[in-house]
Amino acid sequence: MALTKVRGDGVQGMSLLSTSTALALDANGHITKPLQSAFSAHKNGTNQNNLSTSVGTTVTFSTERFDVNSDFNTSTSTFTAPVTGKYFLTVTLRLENTDTAADFIISKIVTSNEKYSFIFDPNAFDIDAVYFGQTVTILADMDANDTAYIEVRISGGTAQTDVEGNAEYTYFTGCLVC
């Protein structure tokens, strides 16, 4: 692909970048980046049942809706940043059968540099909640080869909480913003 550069003095130059379109501009001025890292993964109908109440549990995502640049690994449920930048990451989890005897339940986006968490106290409910949704969203600063995955940590109570496997309710997405 040839790229035309125009300097401030109006002089044009040519440069060979690659055979793939890295940046596209249409007639209406819309810019797309067909190679920009972006992914959307879900559980494909498989619940994770009876999460441990003593350690964090990595949430598994076995199926991709899309994975531009192939940066999400379904065997490890981990996203790996291909370049240093700011990444928009979000996870939505539908928890089922949350135990009111638990001290707290935390859902986390865990990156190499930081943990981003949502915590709630299930004691606020009079009975075990059949369904409870949690969403964590962050613009994360990640270096090349940093990773991100999802973890749920439950303290106390009974190991009865499940992560719903329905793709409509449980998914992990992300993209490179800048």
Side-chain angles (χ1 to χ4, degrees), residues 32-34 36-82 85-142 146-177:
T32 59
K33 299 175 185 177
Q36 186 85 344
S37 183
F39 72 94
S40 178
H42 60 86
K43 295 186 68 52
N44 197 29
T46 305
N47 286 7
Q48 266 181 273
N49 296 320
N50 304 322
L51 300 183
S52 173
T53 60
S54 58
V55 296
T57 301
T58 299
V59 179
T60 58
F61 297 92
S62 60
T63 303
E64 298 168 325
R65 286 190 179 96
F66 58 85
D67 187 3
V68 180
N69 203 45
S70 301
D71 299 314
F72 188 82
N73 184 331
T74 56
S75 65
T76 62
S77 299
T78 302
F79 168 73
T80 302
K86 308 303 182 251
Y87 290 82
F88 178 80
L89 301 172
T90 187
V91 63
T92 295
L93 303 173
R94 180 163 126 178
L95 304 179
E96 298 180 341
N97 306 314
T98 59
D99 185 9
T100 58
D103 299 319
F104 59 80
I105 299 176
I106 302 175
S107 294
K108 302 176 185 180
I109 298 174
V110 180
T111 70
S112 300
N113 298 327
E114 191 67 58
K115 296 177 183 176
Y116 306 96
S117 303
F118 178 95
I119 187 170
F120 84 100
D121 178 1
N123 298 44
F125 303 116
D126 291 335
I127 59 172
D128 293 350
V130 177
Y131 305 115
F132 187 82
Q134 289 188 302
T135 298
V136 181
T137 301
I138 191 66
L139 185 61
D141 183 21
M142 298 179 76
D146 279 355
T147 59
Y149 64 93
I150 306 305
E151 182 180 281
V152 174
R153 170 89 164 81
I154 302 170
S155 176
T158 303
Q160 69 183 45
T161 302
D162 308 329
V163 176
E164 164 69 46
N166 187 322
E168 181 179 354
Y169 301 111
T170 300
Y171 46 87
F172 180 24
T173 63
C175 67
L176 173 61
V177 176

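Here the structure is a predicted model, which means the values were calculated and not measured. What you see below is based on every heavy atom in this structure, not just the backbone, and it leaves out hydrogens, waters and symmetry mates.
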Which heavy atom of Tyr116 sits nearest to which heavy atom of Asp141, and what is that distance? OH-N, 4.5 Å

Indicate yes or no: at least one non-hydrogen side-chain atom of Thr170 is less than 4.5 angstrom from one of Leu93. yes

CD1 (Ile109) and OG1 (Thr90) are apart, to the nearest 0.5 Å, by 6.0 Å

When rounded to the nearest 0.5 angstrom, what is the spacing between CG in Asn113 and CG in Asp146? 4.5 Å

For Phe79, what residues pass the ring-ring contact (aromatic ring centres under 6.0 Å, His included) criterion, not counting sequence neighbours? Phe39, Tyr87

What do the steps show when you test Glu114 against Ile138 for side-chain contact (heavy atoms from CB on, under 4.5 Å), and what is the final call? CA-CA 11 Å; Glu114 191 67 58; Ile138 191 66; over 6 Å; no

Working to the nearest 0.5 Å, report the span between CG of Asp121 and CG of Asp103. 8.0 Å

Shortest non-hydrogen contact from Glu64 toward Thr74: CG-CG2, 3.6 Å

Do Thr92 and Thr135 have side-chain N/O donor and acceptor atoms under 3.5 Å apart? yes

Which distance, rounded to the nearest 0.5 Å, do you find between the CG of Leu95 and the OH of Tyr131? 12.5 Å

Grab the two heavy atoms, one from Asn44 and one from Ser62, that are nearest each other, plus how far apart they are. CB-OG, 3.7 Å

Is there a donor-acceptor contact under 3.5 Å from the side chain of Asn69 to the main chain of Asp71? no

Heavy atoms only: give me the nearest Cys175-Ala38 pair and the separation to one decimal. CB-CB, 3.8 Å

Quick one: pull up OG in Ser107 and CZ in Arg153 and give me the separation to the nearest 0.5 Å. 12.5 Å

Could you tell me whether a side-chain N or O of Asn47 sits under 3.5 Å from a main-chain N or O of Gly165, the two making a donor and an acceptor? yes

Heavy-atom check, side chain of Lys33 versus side chain of Leu176, under 4.5 Å: no

Heavy atoms, side chains only, cut-off 4.5 Å: are Thr111 and Thr147 in contact? no

Would you say the side chains of Thr173 and Ser40 form a donor-acceptor pair under 3.5 Å? no

Tell me if a side-chain donor or acceptor on Gln48 pairs with a main-chain N or O of Thr60 at a distance below 3.5 Å. yes

Going by side-chain contact (heavy atoms from CB on, under 4.5 Å), Val163 matches just one of Ile150, Thr57, Leu51, Thr46. Which one? Leu51

Give me each pair satisfying salt bridge (Lys or Arg N to Asp or Glu O under 4.0 Å) with a member in residues 160-170, each pair once, sequence neighbours excluded. Arg94-Glu164

Do you know the tightest heavy-atom contact between Arg65 and Ala167? NH2-O, 2.9 Å

Beyond-backbone contact of Tyr149 with Val59, side-chain heavy atoms, under 4.5 angstrom: no

Tell me, do Leu89 and Met142 make a side-chain contact under 4.5 Å, heavy atoms counted? yes

Out of curiosity, Gln160 CD to Asn97 CG, how far, rounded to the nearest 0.5 Å? 6.0 Å

Reference residue Asn73; test side-chain hydrogen bond (donor to acceptor under 3.5 Å, both in side chains); the match among Ser75, Ser70, Ser77: Ser75

Indicate yes or no for a side-chain donor-acceptor contact from Ser117 to the backbone of Ile119 under 3.5 Å, with no hydrogens or angles considered. no

With sequence neighbours left out, write down each residue that passes ring-ring contact (aromatic ring centres under 6.0 Å, His included) with Phe132, or none if nothing qualifies. Phe120, Phe125

Minimum heavy-atom distance Ile154-Ser52, with the two atoms named: CB-O, 3.8 Å

